[in-house]
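Nothing here was measured: the structure is a model prediction, and the numbers come from that model. Sequential numbering from 1 along the given sequence is applied to the chain's residues.
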Amino acid sequence: MFGYYFRLGVRSLRRNPALTALMVLTLAVGVAASVSTLTILHMMSSDPIPQKSTRLFVPLIDNGPVEGYTPGEDPDDIQISYKDAVNLVKSGQGVRRTALYGVAAPIQPPRADIQPFNLSGLAPTRDFFAMFDVPFLHGQAWTEQDEARGADVVVLSREIAEKLYGDANPVGQRVMLMGFPFTIVGVIDNWMPLPRFYRLNGGVRYGAGEEFFIPFTTSIRHEVTHNGSMSCSGNPGAGFAARLASECTWITVWFETAAASDRADLQAWLDNYAADQRKLGRLKRNAVNRLYDVPEWLVFTKVVGKDSKLQTWLAFGFLVLCLVNTVGLLLAKFSVRASEIGVRRALGASRADIFRQFLIETGVVGLVGGVLGLVLAFGALALISMQGKQTAAVAHMDWEMLIVTFVMSVGAAVLAGLLPTWRACQVTPAIQLKSQ
């Protein structure tokens, strides 16, 4: 019986083609707007590195001043000082460790046809690339010797490498960065997980990938500031080394453990370290030391901002508006079929039969609207991805979102069809037979 009603629903698409087209288009636009927003939100809030997200940890040691501090309150800075960062990296805890902070620097292209421009990058330690499974297109990360001596070496993003050198392999070439000749040792391939969970330069900037990487020690040697601004409790007029010696809170540290179960040991070590630093008078607050894995860090740093959630609610609101319009169109479509309903009732069809028939027909409309909505959603995501290669990694739809698209479309159509279908069941056969 379902198959019979489904075929009737397909045939009904040819009746009143103008009304059918309006219903399908209304549903498609509402579904496309909602699904496009949901897809981006889904990609932003998903686990960016699932193969090891429970083995990567961010320590948080509160080294703020005692003045104005209330015991138990959350720290007012989610990054740690230079001293603590160096100590943690040298601790030997876990299988890998990295300290990193965001940097910005001007670059002088080797080609005369390209004017100098500014880059946004990162200054990590060498373990960073292995910890976060960074894919290399050419070359590799800098060596331990490069890191130890703070060598002028750089890893470029694929986008910047192609802009400067085209399709050629630039490894071994020299480029003027910050006014110094840097040797290119590697080029990373297109890659997007990082800004979702480690970038804290003035807030997470989703879709803004790193354009270059230089060693942490090199960045310190050249006095490269945290994207042009450092937050220090020391004297701002002092030299760079003196400011680093003060409690500057501008660095993030990550640990990678061999197993997720090693978290307790790492937490115990962190507590002991903080206790030792308090005895030395460095840590003033008697705050709880925290350890976050990747999913917890995403929640704690509010990677998906309130504006994204607001856009989601607006998209759902637009879908509701489309549903209201669809209800009106279905009422108009079913009202002109009153005589058909009267004849079917007179021949023995029950109200339940009529209800099932028309509800399945609305489901067919929703299915067609879902297909068109999917096409529109792909088009919207394609336009978003055209904004840059980094954004393209966000603007794609997985199987989960494909299923959500059709479920949402058919569900919305069935929901919109409840009232018109109920109205259709109320048709009186005698009145319709008499008037025909």
Side-chain angles (χ1 to χ4, degrees), residues 52-102 122-128 130-132 144 147-148 150 197-198 200 215-217 219-220 226 230-234 241-301:
K52 57 170 61 176
S53 62
T54 57
R55 296 191 290 113
L56 293 172
F57 298 98
V58 179
L60 189 56
I61 302 173
D62 195 344
N63 56 8
V66 178
E67 294 77 13
Y69 170 67
T70 301
E73 70 178 3
D74 291 333
D76 51 10
D77 197 322
I78 57 178
Q79 300 178 84
I80 64 177
S81 71
Y82 173 78
K83 280 185 177 180
D84 290 323
V86 172
N87 291 339
L88 294 182
V89 170
K90 292 181 178 179
S91 67
Q93 295 298 308
V95 293
R96 295 187 182 95
R97 299 151 300 282
T98 186
L100 53 90
Y101 72 103
L122 202 68
T125 54
R126 184 176 183 271
D127 276 352
F128 166 86
M131 288 177 65
F132 295 107
E144 293 180 1
E147 186 159 272
F197 63 90
Y198 76 68
L200 301 169
F216 182 82
T217 51
S219 181
I220 299 301
H226 183 183
M230 289 190 359
S231 174
C232 296
S233 59
R243 285 187 285 161
L244 289 179
S246 68
E247 298 301 323
C248 298
T249 54
W250 51 288
I251 300 173
T252 305
V253 172
W254 285 84
F255 285 98
E256 179 184 346
T257 59
S261 58
D262 295 334
R263 177 174 185 162
D265 293 337
L266 182 59
Q267 181 69 62
W269 179 88
L270 187 66
D271 291 338
N272 290 333
Y273 169 79
D276 291 339
Q277 297 303 309
R278 289 192 189 96
K279 292 178 182 178
L280 296 175
R282 288 193 57 249
L283 301 182
K284 310 298 183 183
R285 299 178 178 180
N286 190 22
V288 176
N289 307 301
R290 307 185 185 186
L291 207 59
Y292 299 92
D293 62 17
V294 172
E296 293 167 347
W297 190 244
L298 286 170
V299 174
F300 179 72
T301 55

Nearest non-hydrogen partners of Arg96 and Ala130, listed with the distance | NE-CB, 3.4 Å

Calculate, to the nearest 0.5 Å, the distance between atoms CD1 and CG belonging to Ile61 and Asp271 respectively.
-> 9.5 Å

Which distance, rounded to the nearest 0.5 Å, do you find between the OH of Tyr101 and the CG of Leu122?
-> 9.5 Å

So Tyr82 and Ile220, side chain to side chain contact (heavy atoms under 4.5 Å, CB included) or not? Walk me through it.
-> CA-CA 10 Å; Tyr82 173 78; Ile220 299 301; 4.0 Å; yes

Would you give the length of the straight line joining atom OG of Ser91 to atom CG of Asp84, rounded to the nearest 0.5 angstrom?
-> 11.5 Å

Chi angles and distances behind the side chain to side chain contact (heavy atoms under 4.5 Å, CB included) call for Asn289, Gln267 = CA-CA 8 Å; Asn289 307 301; Gln267 181 69 62; 4.2 Å; yes

Taking every heavy atom of Gly150 against every heavy atom of Thr217, the minimum-distance pair comes out as CA-OG1, 3.4 Å

Closest non-hydrogen atom pair between Ala123 and Pro215, with its separation | CB-O, 4.4 Å

Can you find a pair of side-chain heavy atoms, one from Leu56 and one from Met131, that are under 4.5 Å apart?
-> yes

Nearest 0.5 Å please: distance from the CD atom of Glu256 over to the OG1 atom of Thr98.
-> 11.0 Å

Can you measure from CG (Leu88) to OG (Ser81) and round to the nearest 0.5 angstrom?
-> 8.5 Å

Kindly indicate whether the side chain of Trp254, heavy atoms from C-beta on, has any atom under 4.5 Å from the side chain of Asp127.
-> no

Thr257: what forms a side-chain contact (heavy atoms from CB on, under 4.5 Å) with it, not counting sequence neighbours?
-> Arg55, Phe57, Asp262, Leu266

Minimum-distance pair of heavy atoms, taken over all atoms of Tyr273 and Arg282 | OH-NH1, 4.0 Å

Report yes if the side chains of Phe216 and Ile251 come closer than 4.5 Å at any heavy-atom pair, otherwise no.
-> yes

Quick one: does Glu296's side chain get under 4.5 Å of Leu291's, heavy atoms only?
-> no

Where Pro295 and Ser53 come nearest, the two heavy atoms and their spacing = CD-O, 3.8 Å

